[in-house]
Amino acid sequence: MNEDVFNASLRKFLKQVGVTSQREIEKAVRDAIDSGKLKGHEKLPAKMVLTVGGLTLSHEVNEEIELG
């Protein structure tokens, strides 16, 4: 295994996950506020599940997203 290639590829993947996930969450929250489903001061439970094909890896992150 080439550690440099692996590290660069992993970082690229994680950056993409972070950027796209933030964008999608922001859009969904704004839409929910605009439609009246949320008021804008809630705490929302969030869960991210990471799986990698070819591995027996399943990693779950649970956190709360605070709106205000």
Side-chain angles (χ1 to χ4, degrees):
M1 179 173 69
N2 183 317
E3 291 289 338
D4 291 333
V5 171
F6 173 56
N7 189 272
S9 181
L10 185 54
R11 287 179 179 272
K12 180 180 176 185
F13 170 75
L14 292 173
K15 183 177 180 182
Q16 183 68 23
V17 168
V19 169
T20 58
S21 296
Q22 181 174 349
R23 209 176 285 144
E24 291 298 318
I25 292 168
E26 288 172 345
K27 182 183 180 313
V29 167
R30 286 190 182 100
D31 289 348
I33 290 172
D34 290 345
S35 72
K37 186 175 180 180
L38 294 176
K39 301 285 187 209
H41 60 272
E42 294 85 352
K43 292 180 180 180
L44 307 173
K47 176 170 80 170
M48 178 71 75
V49 179
L50 170 69
T51 59
V52 178
L55 301 176
T56 59
L57 172 67
S58 181
H59 176 71
E60 188 173 302
V61 176
N62 292 284
E63 191 59 59
E64 199 169 64
I65 298 173
E66 188 174 347
L67 302 185

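The basis for the numbers below is simple: all heavy atoms, side chains too, and nothing from hydrogens, waters or symmetry mates. Counting from 1, the numbers follow the sequence of the chain as shown.
- Put simply, V49 and L14 are part of two different groups of oily side chains (I, L, V, M, F, W, Y) that touch within less than 4.5 Å, one to the next.
- Residues passing the side-chain contact (heavy atoms from CB on, under 4.5 Å) test with S9: none are found, sequence neighbours excluded.
- Other residues sharing a hydrophobic cluster with V29 under the 4.5 Å side-chain heavy-atom criterion for ILVMFWY residues are I25, I33, L38, L44, I65, L67.
- In this structure, E42 contributes its side chain and G40 its backbone to a donor-acceptor pair below 3.5 Å.
- Scored by the salt bridge (Lys or Arg N to Asp or Glu O under 4.0 Å) test, K43 finds no partners at all (sequence neighbours excluded).
- Identified under the side-chain hydrogen bond (donor to acceptor under 3.5 Å, both in side chains) test for residues 58-68, with sequence neighbours left out: E60-N62.
- To the nearest 0.5 Å, atom CD of residue Q16 and atom OG of residue S21 are 9.0 Å apart.
- Note: the hydrophobic cluster containing V17 also contains L10 (ILVMFWY, side chain heavy atoms under 4.5 Å, direct or indirect links).
- Applying the salt bridge (charged side-chain N to carboxylate O under 4.0 Å, His left out) test to residues at least two apart or on different chains, the pairs with a partner in residues 3-28 are K27-D31.
- Under the rule for a side-chain contact (heavy atoms from CB on, under 4.5 Å), T56 has no partner lying at least two apart in sequence or in another chain.
- A 4.5 Å side-chain heavy-atom check between L50 and F13 finds at least one atom pair inside the cut-off.
- Using a 4.5 Å cut-off between side-chain heavy atoms of Ile, Leu, Val, Met, Phe, Trp and Tyr, V5 forms no hydrophobic cluster with any other residue.
- Cluster annotation: L57 and F6 are assigned to the same hydrophobic cluster (Ile/Leu/Val/Met/Phe/Trp/Tyr, side-chain heavy-atom contacts under 4.5 Å, transitive).
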